[in-house]
Amino acid sequence: MAMNQENENGIIILAIDGNLDAEGTQAMEEKVLALLESGETRLLFDFSGLDYINSSGLRVLVLAYQRLKKVSGIVAICGVKDYIQEVFEVSGYDKIFPLYTARADALNGM
C-alpha cells in the first residue's frame, strides 16, 4: 500500500494505492490519528488507486467518522471502484460516508 497526502483548501486528501489490508491499515490508522490530533476536520480519502480493502480498513474510516462527527467534521471518499463500492453498499457504509466519483466533485461537495 502507498499513501500520499495533499492539502487542498483546508481539506486533507489521502490518496491510497494498492491493498488496504492488515499491514497497510496500521499505517493509515497512524496517519489518520495524527491528522485528527493536529486538529484537521475535513478528510477526503481518494481510493481511485485502491485495489482491495478489508474490515480493518473500514474500521479506520469509521474511527475517523466517529471522531470528526463530534466536532462537526466530515469524512468523504472518492474514486471508489465498482467492486469496492459494493463492499460499502453491503456493509451500509454508503449511508455513512459521502461517496464521490471524482476528486473534484468531492472537493466541491465538502
Side-chain angles (χ1 to χ4, degrees):
M1 181 209 70
M3 182 171 33
N4 183 41
Q5 178 182 330
E6 299 174 44
N7 185 332
E8 191 162 331
N9 297 323
I11 299 172
I12 299 296
I13 303 163
L14 291 176
I16 310 295
D17 293 334
N19 295 332
L20 193 48
D21 51 20
E23 181 181 317
T25 298
Q26 183 173 350
M28 186 174 96
E29 182 174 0
E30 290 170 5
K31 172 58 85 176
V32 167
L33 288 174
L35 289 166
L36 297 176
E37 288 173 13
S38 72
E40 298 297 343
T41 59
R42 299 191 303 165
L43 298 180
L44 173 61
F45 291 91
D46 185 340
F47 284 171
S48 57
L50 185 69
D51 297 318
Y52 171 82
I53 187 169
N54 68 9
S55 60
S56 58
L58 294 171
R59 182 187 58 78
V60 174
L61 296 174
V62 171
L63 171 75
Y65 168 79
Q66 289 173 332
R67 293 212 181 168
L68 287 176
K69 184 178 179 183
K70 293 177 185 176
V71 295
S72 299
I74 187 168
V75 177
I77 301 165
C78 69
V80 179
K81 294 176 178 149
D82 290 343
Y83 58 91
I84 293 177
Q85 183 159 344
E86 285 181 33
V87 172
F88 281 85
E89 291 170 356
V90 168
S91 64
Y93 288 174
D94 62 324
K95 309 238 183 322
I96 298 172
F97 301 103
L99 299 175
Y100 296 93
T101 304
R103 181 186 286 198
D105 294 336
L107 292 170
N108 289 333
M110 294 179 70

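No experiment lies behind these values; they were computed from the predicted model shown. The figures that follow rest on heavy atoms only: side chains count, while hydrogens, waters and symmetry mates do not.
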Chemist: Heavy atoms, side chains only, cut-off 4.5 Å: are Ile77 and Tyr100 in contact?
Modeler: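 Answer no - side chains too far apart.
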Chemist: I want to check something: taking the side chain as every heavy atom from C-beta on, are Ile11 and Leu107 in contact at a cut-off of under 4.5 Å?
Modeler: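 Ile11 reaches Leu107 side chain to side chain.
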Chemist: Assess the residue pair Lys31 and Gln5 against the criterion (side chain to side chain contact (heavy atoms under 4.5 Å, CB included)); give the C-alpha distance rounded to whole Å, side-chain angles, the decisive distance to 0.1 Å, and a yes or no.
Modeler: CA-CA 9 Å; Lys31 172 58 85 176; Gln5 178 182 330; 2.9 Å; yes
Chemist: Indicate yes or no: at least one non-hydrogen side-chain atom of Asp51 is less than 4.5 angstrom from one of Lys81.
Modeler: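 Heavy-atom side-chain distance check passes, below 4.5 Å.
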Chemist: Could I get the full list of side-chain hydrogen bond (donor to acceptor under 3.5 Å, both in side chains) partners for Glu8, not counting sequence neighbours?
Modeler: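 Glu8 satisfies side-chain hydrogen bond (donor to acceptor under 3.5 Å, both in side chains) with no residue once adjacent residues are dropped.
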Chemist: Once the angle between the rings of Tyr93 and Phe88 is folded into 0 to 90°, is it parallel (under 30°), tilted (30 to 60°) or perpendicular (over 60°)?
Modeler: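 Tyr93 and Phe88: perpendicular rings.
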Chemist: Less than 4.0 angstrom from a charged side-chain N to a carboxylate O is my criterion; do Glu29 and Arg59 meet it?
Modeler: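 Answer for the salt bridge query: yes.
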Chemist: With Ser56, which residues qualify under side-chain hydrogen bond (donor to acceptor under 3.5 Å, both in side chains), at least two apart?
Modeler: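 If we apply the side-chain hydrogen bond (donor to acceptor under 3.5 Å, both in side chains) test to Ser56, skipping adjacent residues, the hits are Thr25, Asn54.
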Chemist: Using a 4.5 Å cut-off on heavy atoms from C-beta on, say whether the side chain of Asp46 contacts that of Leu14.
Modeler: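 SC-SC contact between Leu14 and Asp46 ruled out.
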Chemist: Establish whether Leu35 and Leu20 are linked, either directly or via other cluster members, by ILVMFWY side-chain heavy-atom contacts under 4.5 Å.
Modeler: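 Yes, Leu35 connects to Leu20 through the hydrophobic network.
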Chemist: Provide the closest heavy-atom pair for Ile74 versus Leu68 in the form atom of the first, atom of the second, distance.
Modeler: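 Distance-wise, the nearest heavy atoms are O-CD1, 3.6 Å.
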Chemist: Report whether Leu33 and Leu61 are members of the same hydrophobic cluster (ILVMFWY, side-chain heavy atoms less than 4.5 Å apart, transitive linking).
Modeler: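 Each belongs to a different hydrophobic cluster.
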Chemist: Heavy atoms, side chains only, cut-off 4.5 Å: are Arg103 and Glu6 in contact?
Modeler: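 The answer is yes; the side chains approach within 4.5 Å.
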Chemist: Please answer: with hydrophobic residues joined when any side-chain heavy atoms are less than 4.5 Å apart, are Leu63 and Leu58 in the same cluster?
Modeler: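 No.
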Chemist: Ion pair present between Glu40 and Arg67, side-chain N to carboxylate O less than 4.0 angstrom?
Modeler: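 Looking at Arg67 together with Glu40, the answer is no, because their closest N to O distance does not fall below 4.0 Å.
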Chemist: Is a side-chain N or O of Asn108 found less than 3.5 angstrom from the main chain of Ala104, in a donor-acceptor match?
Modeler: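 Confirmed, Asn108 side chain pairs with Ala104 backbone.
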Chemist: Using only atom types and a distance under 3.5 Å, with no angle test, would you say the side chain of Asp82 pairs donor to acceptor with the backbone of Gln85?
Modeler: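 No, the answer is negative, given that no donor and acceptor are paired below the 3.5 Å cut-off.
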